[in-house]
2 protein chains.
Amino acid sequence: MAKIHEVAEAAGVSISTVSYALSGKRSISPATRDRVERAAALLGYEPNAGARMLAGRRTQIFALTEPFRPDTHAPTHMSFVLATSIAARRYDYDILLLTDAEASAGMRRVSASGLVDGIIVLDVAPEDDRVALSRAIDVPTVFIGVPEDVEGLVCVDLDFEAAAALAVDRLADAGHRRIGFVGHPESAYARSNFPPRVRRGVEQEARRRGVAVSAEYPGEGDERHRDIREAVRRLIDDGVTALALHCDDAAHSAVLAELAAAGLSVPADMSVVSIGSSFDTSSFSTPLDRIPLEPESSCELAVGLAARMADGESVEPGVRLTEPRYQAFGSVSPPR
Amino acid sequence: MAKIHEVAEAAGVSISTVSYALSGKRSISPATRDRVERAAALLGYEPNAGARMLAGRRTQIFALTEPFRPDTHAPTHMSFVLATSIAARRYDYDILLLTDAEASAGMRRVSASGLVDGIIVLDVAPEDDRVALSRAIDVPTVFIGVPEDVEGLVCVDLDFEAAAALAVDRLADAGHRRIGFVGHPESAYARSNFPPRVRRGVEQEARRRGVAVSAEYPGEGDERHRDIREAVRRLIDDGVTALALHCDDAAHSAVLAELAAAGLSVPADMSVVSIGSSFDTSSFSTPLDRIPLEPESSCELAVGLAARMADGESVEPGVRLTEPRYQAFGSVSPPR
DNA sequence: TTGAAAGCGCTACCAG
DNA sequence: CTGGTAGCGCTTTCAA
């Protein structure tokens, strides 16, 4: 725990020179900078966080608010947390967790105490009380996800509607006229902000392209695996020649299992595309084309915006959607 | 962002009185305390975090280091993060996330900068470089999980061996002489610290009680569901009359599905116990007896210890194991 | 290009 | 039981 004073002494300069040499906030002669850096490294100097906050009015901490709802999909959520945390470090920020009751109440607390320079909001619900909170506090806030009311907010997300449309387009381009959609359990469409956007994207693009869609929303819990296989069976009986999936990896596995059980091969007998998946669809027994979720893109963008706002730059409110990307792994071909 | 000065003025007292009235660190007349609290509430006063750290040499922040390994089981991990975060707030601490490369490097950084008062280590590997790091830094560190070399460390965890033994005992008590064990994929036994402890517990207690054990470690990935069902089939053919499970919820579902497919009912034809599960085994189609993981116990204990150490109390190094608890839901009965 | 020094807002010691 | 005040270790003016 060396202090700036000791570094200054060791380098034979004043403490302000040490501060400037290390922060780069004013020009320092190469020789001096070098001496300072050497001394700092030698002593293992790390500026005291508290002193820095107090004097510099910047904490280099972002709060990450995540309610951890019971129906949150843990693996996907984890990849968002990870991506945010990594992006934050690139901008020299640490992440402070606000969960459970503190997801909301903590926003007020940490902004009032000046503990954080910005707030990143995860796991956004259509009607989210953190929307009103973000307007009430004076700390820059960025939403990853799009709530109902976005007035004055800075939001970032994958363009799920475009992603869904892209999936439908690829299938329609290949000549499919009747496709099946396997979505999340019905309950997810009220609680979360993005499943409805995928559904809407599929429906609208299908209408535009003259493609018929049969949708299935297999349930949760114990019987899920069976539910999904029954849903796939119904879609096969319906005569669909392609499937668009927006569900978790276990559901993907179940779909593939049922196709195999029905003696259908991909893509010869059934084309399959995965929409907004955060897991690796290329390592399934049958690699699947996908439009990936890519939390890294949204999180990087969100953290970058938060950093700019924390620097006092003004950022235009609005919803920033990242463009979907199509990854082909050979699971789509023309229908038989 | 009211400051202590304004609160003092509003309450008609000195700033030191405000500080003491709010912290309770010296006795204050009820009348004065009341005036101060009213003024603070009215102004929405929240002590400035940076100033507090600098003057008080306490940050009220714990770092939580979690590498997010690729094979980390996300739902279980999330429940540990959540439990730690909630426990921390009860002790008036916030949680700072250290993930990815920062899980290790960050420990040094945040302790050198005085950003945190303590460190909680999650997702402990048998050979974990955070063990050496924790010895090199001067910030109190508590491990949730037990690494190979625990010399001088403060560790907290469920007593997995006792949990496994408890499961075997209950089955043996019911009269079972031949039981099946469904564990994690083989790879988990090298990477993680607790699966080997469960395996050891099962083996030792089975030997002690004269019970035969057939063990299965079904694989990962796409074909997992099928793997598990085949494993269960083998165990049935082996003539086991009871199963002890130490695997994730999807695997539990697959096991139940295979039992149903084989025409076996629980517990009449097959008794089943779940060991160290973090999910709710009582809401399966067949409720299962379990010895729950209960992250809350370990996390509460870990945070409590960290808080005491941060207060300067000396805490005896050593491994503190929490006692397993048996929850019966009617899935165990004597063999036919 | 460098140095001196004035705070940042609180905690905790020393008086009374 | 209460008030005054000296720092905590840095950042950032103001001077040179």
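Throughout, a chain's letter reflects where its sequence line sits, starting with A, and its residues are numbered from 1.
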Tell me, which stems hold DNA chain C, with a stem being 3 or more Watson-Crick or G-U pairs in a row and both distances under 3.5 Å?
C:1-16 with D:1-16
Option among A/Arg130, A/Arg109, A/Arg108 that satisfies the salt bridge (charged side-chain N to carboxylate O under 4.0 Å, His left out) test with A/Glu102:
A/Arg109
Measure CZ/B/Arg35 against C1'/D/dT2 and give the value in whole Å, please.
11 Å
How many Å lie between CG on A/Asp117 and C1' on C/dC8, as a whole number?
15 Å
Short N-O contact, A/Arg58 and A/Asp92, less than 4.0 angstrom:
no
Given that B/Val13 and B/Leu54 both sit by DNA chain D, which one's nearest nucleotide is further toward the 5' end?
B/Val13
I'd like to know if the side chain of A/Ser278 pairs up with that of A/Ser79 as donor and acceptor (distance under 3.5 Å, no hydrogens or angles considered).
no
Taking side-chain hydrogen bond (donor to acceptor under 3.5 Å, both in side chains) as the test, write out the residues that go with A/Arg57, two or more places apart.
none
Quick one: B/Gln60 CD to C/dG9 P, roughly how many Å, whole number?
20 Å
Check whether the side chains of B/Tyr45 and B/Glu37 place a donor and an acceptor atom closer than 3.5 Å, and report yes or no.
no
What's touching nucleotides 10-13 of chain C from the protein side, N or O pairs under 3.5 Å?
residue	atom	partner	partner atom	Å
C/dC10	OP1	B/Tyr45	OH	3.0
C/dC10	OP1	B/Asn48	N	3.4
C/dC10	OP2	B/Ile4	N	2.6
C/dT11	OP1	B/Arg52	NE	3.4
C/dT11	OP2	B/Ser19	OG	2.8
C/dA12	OP2	B/Lys25	NZ	3.1
C/dA12	N9	B/Tyr20	OH	3.4
C/dA12	N7	B/Tyr20	OH	3.1
C/dC13	N4	B/Tyr20	OH	2.9

Can you tell me if the side-chain N/O atoms of B/Ser14 get under 4.0 Å from OP1 or OP2 in D/dG4?
no
Mind telling me whether B/Phe194 and B/Phe160 have parallel, tilted or perpendicular rings, with 30° and 60° as the class edges?
parallel
Can you check the B/Leu22 CG to D/dT2 P distance for me, whole Å?
14 Å
Parallel, tilted or perpendicular: which describes the rings of B/Phe62 and B/Tyr93, with under 30° parallel and over 60° perpendicular?
parallel
For the pair A/Asp100 and B/Arg89, find out whether any cationic side-chain nitrogen is under 4.0 Å from an anionic carboxylate oxygen.
no
